[in-house]
There are 2 protein chains.
Amino acid sequence: MTQKMKMAATVEKTLKGLQTEVQSTNKMAISVDCVIFGFDENTLKVLLIRSDLKKYKGKWTLLGDLVKPDEDLDAAAYRVLKQRTGMKDVYLEQVKTFGEVGRHPAGRVVTVAYCSLINIQNHQLQILDNEIHWHSVDSLKDKELGFDHERIFDTCYRWLQKRVQEHPLGFNLLPKKFSLRELQNLYEAILSKKLDRRNFRKKFFSMDFLVDTGEEERDVPHRPGKLYKFDFEKYEKKKKVWGGIDF
Amino acid sequence: MTQKMKMAATVEKTLKGLQTEVQSTNKMAISVDCVIFGFDENTLKVLLIRSDLKKYKGKWTLLGDLVKPDEDLDAAAYRVLKQRTGMKDVYLEQVKTFGEVGRHPAGRVVTVAYCSLINIQNHQLQILDNEIHWHSVDSLKDKELGFDHERIFDTCYRWLQKRVQEHPLGFNLLPKKFSLRELQNLYEAILSKKLDRRNFRKKFFSMDFLVDTGEEERDVPHRPGKLYKFDFEKYEKKKKVWGGIDF
DNA sequence: AAATAATGTGTGTAATTTACACATTCTAAA
DNA sequence: TTTAGAATGTGTAAATTACACACATTATTT
């Protein structure tokens, strides 16, 4: 028996153990999986890691981890984000829970899917693990993800598409200062369709969350656009006044 | 590095995505809790059971149960419904998962909240357990629910209020044949506000899911209204054409 | 200096939502 | 039998919102 085989055997034993243990006790493993969106080069991207798990070796998967016994679900999701990207204070929201019996090869694992939006240009962003890469959302059509992560991703992506039309979440994906063209590019990328420049502008100004910084774009080969920042405080206040917009 | 350590490292890597140390303490109980809505006497109601758990003895709680090791989440929710109401083929949808560490006195229990709509007049409905009762949603304001079920209920109720404005789910709460007045009463109860009779009528007819049964109300002390039924098939077809309306 | 390619600001039209009025049909009381 | 009452059924006009589209402005590039 080679070294490698022994290791493989140990791995399988561990996985089996997990399975029997879960089944015998009526308890099960719970994980969080984060769909982490970013926006770069006018492209919507998602952060994925190459799986090491035998069955899905080499396949791309979402970033996730088991929830610890003394850890809240949200906290687990934030922990994954912090560990994997170095960022905290990021936008994060629970989307849906996936718990089909056969969804994980290691046994019963119920996973809570979270959606996260981060700014790729943020200097705090640190992707240390070289098995972790950004993938354009478009390119995922041609990739096969591990586990049921394709379905989870689809769910979260559709969730995002709907969500950004009800709440101005997109700002979480942009740098502090941005031009209206950048904002529109973002929305076009998320919604995967062209928008009318003038109506888009009108709509966002009418929301009244954009603050003119007085600055302008630089080093662009055309008339520079004004740079704006998003008034997060104003938005939070309005959200409270609106009351239960979300459920 | 010892042999054992190497193996451990491999296991760890293999379970990447899961937590580093695979131990039984990493597993927890998972339950489903169903917010079962009904509509009777022009009032929106919810089905609750008196808790027998020591800490919440006598308090009203949602209907729920632990998820079995070989049972899908949705299946568990359907099982609860069948066991508690005798009904199957009911409307059911996952809403949100609650997993705070201290939410259950018996230890770590993560619960997946489901929202269900049933027709109280349905002859299949059988509430056998005499600890289970219908409560008007309004009256819940003055009741203290067990566990964190107040929060779960609030979430599901707000979810419902938003949901019925995007999808005609209300029909699941009504008998097969109903008048437009009954339908409006239902929506007014759910949304907790008065609606204009004529605009309401216009809106629903324009949706084109109402089928005239040719029958009329009977034994009403005024001009009888026409009775309609909901075209579930047509709705399902349209939903497919719409594509990903929900996330 | 002219051509080019963005930004910035409207304006008019269609579609949807909202507000509101009147005739019809049945019950129940006089 | 007649009449008052109450709810059903059908429209129509105003107001708001979404959509389509045009033109002047400001910078860069040739």
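Labels below follow one simple rule: chain letters A, B, ... track the order of the sequence lines, proteins then strands, and each chain is numbered from 1. Values reported hereafter were calculated over all heavy atoms of this structure, with side chains retained and with hydrogens, waters and symmetry mates removed.
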What integer distance in Å separates [X]:[atom1] from [N]:[atom2]?
X	N	atom1	atom2	answer
A:Asp212	C:dG8	CG	C1'	12 Å
A:Tyr228	C:dT7	OH	P	11 Å
A:Asn185	C:dT7	CG	P	9 Å
B:Leu210	D:dT8	CG	C1'	15 Å
A:Glu182	C:dT7	CD	P	10 Å
B:Arg197	D:dT10	CZ	P	11 Å
A:Arg201	D:dT25	CZ	C1'	12 Å
A:Phe204	D:dA18	CZ	P	13 Å

OP1, OP2 of D:dA20 versus side-chain N and O of A:Arg198: anything below 4.0 Å? no
Among [options], the nucleotide that comes nearest once only the side chain of [X] is considered:
X	options	value
B:His222	C:dT7, D:dT28, D:dA7	D:dA7
B:Asp196	C:dC20, D:dC21, C:dT24	C:dC20
B:Arg223	D:dT28, C:dT9, C:dT24	C:dT24

Base, sugar-phosphate alone, or nothing: which one does A:Arg181 contact when heavy atoms must sit under 4.0 Å apart? sugar-phosphate
Counting any heavy atom closer than 4.0 Å, what does A:Lys202 reach on the DNA or RNA strands: base, sugar-phosphate only, or nothing? base
Result for salt bridge (charged side-chain N to carboxylate O under 4.0 Å, His left out) between B:Asp208 and one of B:Lys238, B:Lys234, B:Lys202 points to B:Lys234
Would B:His133 and B:Trp60 count as a ring pair (Phe, Tyr, Trp, His ring centres under 6.0 Å) if you check the C-alpha gap in whole Å, the side-chain angles of each, and the deciding distance to 0.1 Å? CA-CA 9 Å; B:His133 291 279; B:Trp60 293 104; 5.8 Å; yes
Quick one: salt bridge (Lys or Arg N to Asp or Glu O under 4.0 Å) pairs with a partner in residues 111-134 of chain B, sequence neighbours left out? B:Arg50-B:Glu131, B:Arg84-B:Asp129
Side-chain ion pair, A:Glu100 and A:Arg151, N-O less than 4.0 Å: yes
Want to settle it: does B:Ser179 or B:Asn199 sit nearer the 5' end of DNA chain D, counting the closest nucleotide to each? B:Ser179
Option among A:Phe209, A:Phe205, A:Phe178 that satisfies the ring-ring contact (aromatic ring centres under 6.0 Å, His included) test with A:Tyr228: A:Phe205
